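Next up is a structure, given as structure tokens.
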Amino acid sequence: METIIGIDLGTTNSLCSVFQDGKPVLIPNPHGSMLTPSVVAILDDGRVVVGQAARELQVTRPEAAVACFKRWMGTDHKVSLQGKSFTPVELSSFVLKALKEDAEAFLKKPIEAAVITVPAYFNDHQRKATKQAGEMAGLKVRRIINEPTAAALTYGFHDRNAEKMILVVDLGGGTFDVTLMEIFEGTLEIVSTAGESMLGGEDFTDRIVATVLKKEGLALEVAEVRSPLRVSRLRQECELAKRGLATESTVRIRLPDDHGTYDESRAVKLDRAAFAKIVEPLMERIKRPITRAMQDGQREAKEIDEVILVGGATRMSVMQECVQQIFGKQGLIKYNPDEVVALGAAVQAALILDHADVREMVMTDVCPFTLGISIAKEFGTRIESGYFNPIIHRNTTIPVSREEVVCTLIDNQPEIIVKVYQGEARKVVDNVFLGELQVKDIPRQPAGAEIMIRFTYDLNGLLEVEAYVPSSNRKFSTVLTNHAATLSKFELEQAIRNLQRLKFYPRDDLENQRLLRYAERMVGEVNRFQREQLEYAVDRFLNAMVDSERESFASARQDLLITLEQLGISYDGQSEDEKP
Ligand code: AMP
């Protein structure tokens with residue numbers, strides 16, 4: 001039987017899953033962890049490293065590594081690493097390739113298909129970019145599903161016989177989604193969804209970083225250029241502080257100098273109240289999509305049976321207080337918020353494969369935003385163009401196909417350019433331009449000739465636009481690709497060929513890379529006497545990695561581990577991020 005893996009391609013971490021023995025399970029990476037940091041680094045020898053080892057590199061050599069590239073999906077943004085330029089699609093494909101390899105090692109067979117999750121608020125470009133990243137990684141993308149829908153699927157799968165109204169609040173590293181869902185008789189109906197694709201846990205960390213730097217008389221943007229090492233180290237401290245505040249009432253933030261070195265005497269304190277004040281503007285933005293999803297679904301707070309918290313950043317006390325304040329009840333974390341989306345992707349894969357264990361389940365999803373075209377409006381004798389005419393309204397159940405009639409404006413008008421937009425604004429300039437369709441050779445006739453425009457929005461959230469000209473009986477159609485960030489079939493093949501030339505660091509040897517990066521980072525943390533000892537052990541390990549025999553490599557590795565232990569530095573095979 002074909003195997004389809006589920007992938008949660010996250011801003012900060014990615015996870016891989018599969019439906020096995022009647023339930024969704026997570027697939028571990030070579031370090032035995034379920035979370036693979038969505039970080040890519042290029043080593044000096046040009047090899048690509050993905051995951052925890054890349055994250056370690058990001059701290060010590062910020063110029064060689066990149067994270068959070070999910071935020072640029074669907075844009076023309078490029079990232080330069082070690083003199084080579086990469087698109088966000090390519091960087092994402094490296095992560096997907098790593099997950100695919102981990103799944104192959106775990107399942108002991110080649111894997112060719114996947115369900116990949118995206119934030120509900122991802123637009124058409126971002127979804128296509130994700131699909132292409134999958135193809136570049138050698139995966140047939142069988143379905144793109146919304147992250148909160150995937151989270152809802154996990155809850156729905158385990159709670160199939162319930163009857164309830166649930167609100168899923170999903171705050172990940174870089175995106176925020178809210179989804180209202182009803183479960184009844186094995187049917188999971190997504191009622192409405194709302195969100196922001198540029199708001200996530202990382203913004204909360206950024207606010208702390210900016211506040212700390214401001215106290216030191218520095219603007220974040222300036223500091224990032226002048227002393228990137230200081231900012232990357234401080235960011236790491238602030239990330240720990242933010243996480244610490246989920247359980248502690250006060251945390252300490254050490255202040256690194258320009259070389260990224262800490263002096264224990266330089267630190268500031270942050271308590272929950274101060275943190276809440278710092279992130280107040282972000283919390284205002286968090287409340288808006290919650291209100292919108294409730295309004296669109298025509299439900300009131302008291303009708304919600306459960307508020308489910310998904311995404312690592314919902315662990316922040318400010319998020320839990322916000323839910324309590326709006327709904328008068330605590331947000332529920334029944335399943336690990338980091339894992340629930342990936343698990344849902346595996347349930348979706350089982351639904352596609354018509355697995356016996358999900359046969360009685362039905363799921364319906366909605367289109368998260370309004371799709372329409374640009375039209376001209378007549379104001380007396382004046383005609384003004386640039387108005388948005390919705391064709392598929394947000395929160396319509398998908399798949400959906402809707403038709404709209406437009407007319408020629410002048411006599412003998414030979415063509416119409418249908419400009420397609422996504423968004424909620426009245427004027428198209430304030431919405432996202434998705435592409436255009438040229439309708440040509442309209443027969444000569446007086447103004448007012450009718451042309452039918454049909455929008456079809458599929459289960460993947462991809463849009464097809466068709467136009468039909470009755471007077472010529474001609475049809476025009478396009479799956480929108482009119483954007484630099486989405487590649488044509490030829491360009492995609494070319495990109496795949498280029499990527500095949502890149503060398504990847506072997507996944508099963510990543511543990512050594514990670515140990516090396518971790519130890520290198522610790523060199524900057526210890527005092528100068530310890531530094532000498534640690535540096536010696538690191539150099540020996542590095543040499544052994546490059547050209548040594550098996551035995552001397554094993555002894556160099558052991559030596560490094562012992563040195564770390566002697567210096568009181570714990571290395572338990574888990575990074576700070578993976579610790580529960
Ligand atoms: P995700 O994309 O769902 O993996 O979410 C990652 C985000 O969750 C990052 O911004 C993390 O900083 C944040 N996060 C993870 N654990 C915690 C925690 N204990 N407290 C606060 N934020 C957290």
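Since the structure is predicted, the reported quantities are computational estimates derived from the model, not experimental observations. Remember, it's 1-based here, ligands and their atoms both numbered in the order they're listed.
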Inset, instruction - Say whether D102 and N29, considering side chains only, have a donor N or O and an acceptor N or O under 3.5 Å apart. - result: no

Legend entry - Interfacing atoms of ligand 1 (cut-off 4.0 Å, heavy-atom, E239): 11 (C), 12 (O)

Legend entry - Heteroatom proximity flag, T205 to ligand 1, N/O under 3.5 Å: no

Legend entry - Side-chain touch T87/F69, heavy atoms, less than 4.5 angstrom: no

Inset, instruction - Indicate whether the side chain of E189 and that of T364 have a donor and an acceptor atom separated by less than 3.5 Å. - result: no

Legend entry - Heavy atom of the protein closest to atom 8 (O) of ligand 1 (residue, atom name, distance): A313 N, 2.9 Å

Legend entry - Sub-6.0 Å ring centroid separation between F122 and F369: no

Legend entry - Identity and distance of the protein heavy atom lying nearest atom 21 (C) of ligand 1: M316 CG, 3.5 Å

Legend entry - Protein heavy atom at shortest distance from atom 23 (C) of ligand 1: G312 O, 3.3 Å

Legend entry - Sub-3.5 Å N/O-N/O distance, P337 and ligand 1: no

Inset, instruction - Ignoring hydrogens, just give me the one of E339, R243, K70 whose non-hydrogen atom is nearest atom 20 (N) of ligand 1. - result: R243

Legend entry - Cation-pi geometry met for R254 and Y262 (6.0 Å, 45°): yes

Inset, instruction - Quick one: look up the protein heavy atom nearest atom 6 (C) of ligand 1 and list residue, atom name and how far away it is. - result: T12 OG1, 3.1 Å

Legend entry - atom 5 (O) of ligand 1: nearest protein contact (heavy atom, Å): G173 N, 3.3 Å

Legend entry - Which residue and heavy atom of the protein sit nearest atom 16 (N) of ligand 1, plus the separation: R315 NH1, 3.1 Å

Inset, instruction - State yes or no: are the ring centers of Y335 and H158 separated by less than 6.0 Å? - result: yes

Inset, instruction - Run the salt-bridge test on R71 and D203 with the 4.0 Å N-O cut-off and return the result as yes or no. - result: yes

Inset, instruction - Give a yes/no verdict on a cation-pi contact between K97 and F504, requiring under 6.0 Å between NZ or CZ and the six-membered ring centre and an angle within 45° of the axis. - result: yes

Legend entry - Close approach of G10 to ligand 1, heavy atoms, under 4.0 angstrom: no

Inset, instruction - May I ask you to list the atoms of ligand 1 that are less than 4.0 angstrom from any heavy atom of G311? - result: 3 (O)

Legend entry - Atom indices of ligand 1, in the order listed, that fall short of 4.0 Å to a heavy atom of K242: 10 (O), 11 (C), 12 (O), 13 (C), 22 (N)

